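Start at 1 and go down the list; that is how both ligands and their atoms are numbered. Small disclaimer: the values here were computed from a predicted structure and weren't measured.
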Amino acid sequence: MVIKSALIPVAGHGTRLLPATKSQPKEMLPVARKPIVQYVVEELVSNGIQQILFITGRSKASIENHFDHDPDLFRTLTEANKLDLLKEVDFEPLKANFFYTRQRLQKGLGDAVLCGENFAGEDPFLVALGDSILGLHAVSRAVSRMADVFDSKRASCVIAVEEVPPEETRHYGIVQPEEGDGADVFRIVNLVEKPAPQSAPSNLAIAGRYIFSPVIFDMIRRVKPDQRGEIQLTNAIQFMCEEGRRVMAVKLSPEEKRYDIGNFPSYFESFVEFALADPVYGAELRRALERLLAKSAALV
Ligand code: UTP
């Protein structure tokens, strides 16, 4: 089965990345040469997604501008015969349609997904977090595998999951597999938000990509806001598990590592890893880093 529609929630405040995100969306921060959300869009399109709804908010207009046609830039680059650069800023060939709606108050990821209800209609759809890249340079077929599982298992929900070090479970939503956790595709019976390592049901973390049947919207409406007033998407998925609906997980391969760019340590590391892999500038950066590391080692 091909899933054709996707929601990309990009309305969050990004407070963990202040002051960088004071007046620009965290999803527009560059990782090496491209903004984070461009990697997300390229990944989705390469997995067959044809229409994308961005759930945006105030101060997120630059996302809309980024994917829009810019006649002045187009003319300038054409006149300067910079055709390679032109290709990199022209999103027409991607053959995806972009739509935008606003989440009026930032009431959590569940609430953001609810903003896509009319867009999704009666069909299953993908949710891809706008601050998470899958794989170096977004090379991931996970969404296509998830779509196949959605179809073959007649699932209500399929979630991408990733192994994390057991001592880090408290940073993630962790899934409880039905039995064992050795398989690459398995059924989930429960999810726990940020458990301590000793109470975590596994070390498999929810990794920023979900496929849902439209039944998720009713589940989200049943979720009560948490202490911060946020409607959590994981609570809605928990309701699905409790009702005995089939909630499946697809494990990401090591090459599909999730870059969750929600905090500075992870942003810095992602930037450096992507820049080191840059075909033009990577080698030069490597030499510069080696120099810097040798200098800082000499100072210790
Ligand atoms: P996060 O959980 O990282 O939240 O969102 P956040 O608000 O962006 O960041 P912090 O916690 O303040 O630092 C994961 C994804 O969900 C979107 C975000 O834009 C991000 O892409 N999101 C989150 C929404 O669209 N709406 C929300 O209310 C919350």
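- In this structure, K26 is part of the shell of residues with a heavy atom less than 4.0 angstrom from ligand 1.
- The protein heavy-atom contact nearest to atom 7 (O) of ligand 1 is H13 N, 3.1 Å.
- At a cut-off of 3.5 Å, with distance as the only test, no side-chain donor of Q238 or E242 sits close to an acceptor on the other residue.
- Listed by atom number, the atoms of ligand 1 under 4.0 Å from A112 heavy atoms are 24 (C), 25 (O), 26 (N).
- Residue contacts with ligand 1 for P9 involve both N, CA, C or O and side-chain atoms from C-beta outward (heavy atoms, distance under 4.0 Å).
- Counting protein heavy atoms only, atom 25 (O) of ligand 1 is closest to A11 N, 2.8 Å.
- Shortest contact from atom 23 (C) of ligand 1 to any protein heavy atom: G12 CA, 3.8 Å.
- Summary of contacts: the protein heavy atom closest to atom 14 (C) of ligand 1 is D131 OD2, 3.7 Å.
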Can you list the steps and then say if F274 with Y39 is a ring pair (Phe, Tyr, Trp, His ring centres under 6.0 Å)? CA-CA 11 Å; F274 276 60; Y39 291 104; 5.2 Å; yes

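- Residues M28 and Y259 do not share a hydrophobic cluster, defined by chaining ILVMFWY side chains whose heavy atoms lie under 4.5 Å apart.
- The two residues T169 and A196 come nearest to each other via the heavy atoms OG1-C, 3.6 Å.
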The test is ring pair (Phe, Tyr, Trp, His ring centres under 6.0 Å); show your working for F119 and F125 and say whether it passes. CA-CA 10 Å; F119 172 82; F125 61 97; 8.4 Å; no

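- When the options L134, V143, I3, L126 are evaluated for a side-chain contact (heavy atoms from CB on, under 4.5 Å) with N47, the one that passes is V143.
- If you look at V10 next to ligand 1, the close heavy atoms, those under 4.0 Å, all belong to the backbone.
- One side chain, S253 or E255, offers a donor N or O that lies under 3.5 Å from an acceptor on the other.
- Ligand-side atoms of ligand 1 in range of Q103: 24 (C), 25 (O), 26 (N), 27 (C), 28 (O), range being under 4.0 angstrom from any heavy atom.
- Closest to atom 12 (O) of ligand 1, if we only count protein heavy atoms, is T15 OG1, 2.5 Å.
- Interface of K107 with ligand 1, defined as ligand atoms under 4.0 Å from a residue heavy atom, comprises 28 (O).
- Considering H137, Q38, R141, R209 as possible partners of E43, the one that fulfils the side chain to side chain donor-acceptor pair (under 3.5 Å) test is R209.
- Using 4.0 Å as the threshold, D111 has no heavy atom nearer than that to any atom of ligand 1.
- Between Y100 and F98, the ring planes are tilted. Angles from 30° to 60° get that label.
- Nearest to atom 16 (O) of ligand 1 among the protein's heavy atoms is L109 CD1, 3.7 Å.
- For ligand 1, the polar-atom distance check against G108 finds a nitrogen or oxygen pair separated by under 3.5 Å.
- At least one N or O atom of E27 sits closer than 3.5 Å to an N or O atom of ligand 1.
- Below 4.0 Å from some heavy atom of R16 lie the following atoms of ligand 1, by number and element: 1 (P), 3 (O), 9 (O), 10 (P), 11 (O), 13 (O).
- Counting only heavy atoms from C-beta outward, the side chains of M240 and I216 approach each other to under 4.5 Å.
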